[in-house]
Number of protein chains: 2
Amino acid sequence: MKTKPTLGTVAKEAGVSIPTVSQVMRGTGRISDETRERVMRAAKKLHYVPDSRAASMRSGERREIGFVLNNFANPFNAEVVSGAVDLLENEGYLVSLLDGRDDPERQFRHIEVFIRHGRGGLMWVPAFGTPPETSDLLAAHGIPTVAFLRPASNRFDYVGIRNAEATTEATRHLAELGHTRIAYLGGTDMSFVRERRIEGYRSTMAQLGLGPPLVWPSPDGRREGMEAMQSLCHAHPDVTAVVCNGDMVALGACIALMKAGQTPGRDVSVVGFDDIDDAALAIPPLTTMAVCPKRLGMKLASVLLERIRDPNAPASITEVSATLTVRGTTGAPAR
Amino acid sequence: MKTKPTLGTVAKEAGVSIPTVSQVMRGTGRISDETRERVMRAAKKLHYVPDSRAASMRSGERREIGFVLNNFANPFNAEVVSGAVDLLENEGYLVSLLDGRDDPERQFRHIEVFIRHGRGGLMWVPAFGTPPETSDLLAAHGIPTVAFLRPASNRFDYVGIRNAEATTEATRHLAELGHTRIAYLGGTDMSFVRERRIEGYRSTMAQLGLGPPLVWPSPDGRREGMEAMQSLCHAHPDVTAVVCNGDMVALGACIALMKAGQTPGRDVSVVGFDDIDDAALAIPPLTTMAVCPKRLGMKLASVLLERIRDPNAPASITEVSATLTVRGTTGAPAR
DNA sequence: CATATCCGATATATCGTTATCTCAATTTAG
DNA sequence: CTAAATTGAGATAACGATATATCGGATATG
């Protein structure tokens, strides 16, 4: 048993022609019950599995999807992926993932890899500074593509979050509790997402007549958030509340506070963003702008499916709102 | 620009034959500098990307790998994947993931999907109760396969952890601190991994003359671990230390303790397993049996690469040790 | 000057499928 | 009882690439 079973070997085993086996396997054409039976037996005996690469060459059908994102390890992304994969799997699609690490050149190579390997659709979180080259490549191959979180080009569908609206709500929530020195914590470069979120924060600070905005950068991740919060507290001890760029940074900020003997929600208030699974479980549980990453992933996948179904429809824009979810890390400022 | 560029369209653009373009793209054969130049220009202009499906049909080369695991969301798995993907990416392979959810039937379908889509190698965490059918299928297609964590069949390579050795060390550590009522927390069905870990725990308890072993099941995950720990504490308030089946359960157990006003490492000691990134960051930081998931993933990938290189070598067994990493969640029992 | 060698490119067959067409045998209609 | 329709299957040609063989012409060899 060394050679892989093909239509040919099954046909020989069953004593019929190759097209006949093909038709039996797909349930098309006119086949007598007796022949069908014989072919099925032969296929089972040889463990025949059709080769979808060969099939898709001829038929043009592609049932593999690529997903380029920027940080596997981030739970927000993991949950988005899980939602998207669930939906696509049900429709008979196979999803493969590549980590672009927010590097435009790396992303370009990854997209090329997906095209090379015949993916019939792409989901993609475009890195900051993506060259038009990348979009041209996708367009030249006519690959159904949905940009996620950051719009890449108006040629593609886009699924994202109403960022400014969310940070506006977060900032207002803190102000209503009585906070006046509110900082923005997290993110590094001026990515599309961060820009919008800071915009919401800034404009609300100004509108409410609160002090000058204070933006403190931090890479994504629990440890990084912890370290950034430590340096922020050191540099600006008067800050009593922070709006965070993401839950991981927020959880890190809480760790920093607790290490310094302070209690999140009492001494300093913290608002996260995303509502990853761990947010509700943390001690204290994290107040956050919830977007339900799993649902977002399913939305993303369904937009892609629609695009595949109708490649000529005009590019769509889908934005979902985040909802303020008050838990334990926000409260009135200490006297 | 609607039709996807192929060797044919590039050949026409450059005014040469199809095989010539193919040779230029792959850098084989004898091609004059002038022709090469012309072909390259045409390829760039048309955004040509070779179709690896067509190529692999003819050449037999497969550079796609499948990975069937059982829980995307678990950070341990995420880190293993990240290690494996890093290594395979460098060798020019593309990895796709499917979540088998520990269901043998689902796994069988996933493996079939991977075969159908022409994967040239497979990494696989076999579900408990995998039927011989699954191995037969893989064998019939001659697909290089490495079983991860649980050996599926002696036909395949296996990469795993010395589980019994690790829980022996964990239990001994707790006993040396003075604990006598030590429970085992986590896992549900009697999977290969859990069986071995419990075996190490049981035998050490017996060897040290400690009370009857107490095994308390829990699904994987922070929340589940928390709930299981709560019920364990309720049913057996005399337990002063727990050996956990994984870090997520251990972190959940710590949350349960803190919610009950107790301090992990003072009132009750907790030992995790895996050493995921969050373990060191938790408050208090988690004592755990460290296996470095990223390195493990790379090991897994390298075994697969060797298997692909030499399909006829005898099946190998690779086991790595976990090392006790003492942090903040273990200490002498309270008076 | 005839023959052998090498260079640069093309012709052709093939991988495992599916789409389309053909075709003999059987059934139905008139 | 002949003509038309139906049935069940096979023949053939793609899909986009690669492997192998071929081939004219330039160059080198004896």
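Atom set for the values below is all heavy atoms of this structure, side chains included, hydrogens, waters and symmetry mates excluded. Note on naming: letters A, B, ... go to the chains in the order of the sequence lines (proteins, then strands), and numbering restarts at 1 for each one.
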query = Heavy atoms under 4.0 Å, any strand shown: does A:Leu7 hit a base, just sugar-phosphate, or nothing?
reply = base
request  = Might you point out which heavy atoms bring B:Leu304 and B:Pro144 nearest each other, and give the distance in Å?
outcome  = CD1-O, 3.7 Å
query = Rounded to whole angstrom units, what separation is found between the CD atom of B:Glu61 and the C1' atom of C:dC15?
reply = 14 Å
task = Describe the nucleic acid contact of A:Ser17 in one word from base, sugar-phosphate, nothing, applying a heavy-atom distance below 4.0 Å.
result = base
ask   = Does OP1 or OP2 of D:dA9 have a side-chain N or O of A:Ser32 closer than 4.0 Å?
value = yes
request  = Calculate the interatomic distance between B:Arg30 atom CZ and D:dA26 atom P; express it in whole Å.
outcome  = 17 Å
inquiry  = Nearest whole Å is fine: how far is D:dG8 C1' from A:Glu37 CD?
reply    = 17 Å
ask   = Can a donor-acceptor pair be found between the side chains of B:Gln107 and B:Asn70 at a distance below 3.5 Å?
value = yes
request  = Take atom CD1 of A:Ile18 and atom P of D:dT12, then tell me their distance rounded to the nearest Å.
outcome  = 13 Å
query = Are any of B:Tyr48's side-chain N or O atoms less than 4.0 Å away from OP1 or OP2 of D:dG16?
reply = no
task = Find the distance B:Gln23:CD to D:dA21:C1' and express it as a whole number of Å.
result = 12 Å
key: Nucleotide C:dT18, atom C1' - distance to CE of A:Met57 in whole Å   = 11 Å
request  = Ignoring hydrogens and angles, tell me if any N or O in the side chain of B:Arg194 forms a donor-acceptor pair with the backbone of B:Phe192 under 3.5 Å.
outcome  = no
message = Classify B:Thr20 by what it touches in the nucleic acid, base, sugar-phosphate, or nothing, heavy-atom distance under 4.0 Å.
response = base
query = Within 45 degrees of the axis of the six-membered ring of A:Tyr93 and under 6.0 Å from its centre: does A:Arg63 put its NZ or CZ there?
reply = yes
task = Could you tell me whether the side chain of B:Arg58 has a donor or acceptor atom within less than 3.5 Å of a complementary atom in the base of D:dT18?
result = yes
Nearest-neighbour nucleotide for the B:Ser59 side chain, D:dA9, C:dA9, D:dA19 considered = D:dA19
inquiry  = What verdict does the side-chain contact (heavy atoms from CB on, under 4.5 Å) test give for B:Val146 and B:Leu122, after you've listed the backbone C-alpha separation in whole Å, the side-chain angles of each residue and the deciding distance to 0.1 Å?
reply    = CA-CA 6 Å; B:Val146 182; B:Leu122 244 56; over 6 Å; no
ask   = From A:Phe114 CZ over to A:Glu64 CD, what is the distance, rounded to the nearest 0.5 angstrom?
value = 9.5 Å
inquiry  = Within the structure provided, determine whether A:Leu69 and A:Leu149 are in side-chain contact (heavy-atom separation under 4.5 Å).
reply    = no
query = Base, sugar-phosphate, or nothing for B:Arg26, non-hydrogen atoms under 4.0 angstrom?
reply = sugar-phosphate
request  = Would you mind telling me which residue lines up with the more 5' stretch of DNA chain C, B:Pro19 or A:Pro19, judged by nearest nucleotide?
outcome  = B:Pro19
Expected rows: protein N/O vs nucleotides 21-25 of chain C N/O, under 3.5 Å:
none

inquiry  = So A:Ser22, base contact, sugar-phosphate only, or nothing? Heavy-atom distance under 4.0 Å.
reply    = base
message = What I want to find out is whether A:Arg101 reaches A:Asp220 closely enough, with some N-O distance under 4.0 Å, to be called a salt bridge.
response = no
query = Between D:dT18 atom P and B:Arg53 atom CZ, what is the distance in whole Å?
reply = 13 Å
query = To the nearest Å, how far apart are A:Asp51 CG and D:dG16 C1'?
reply = 14 Å
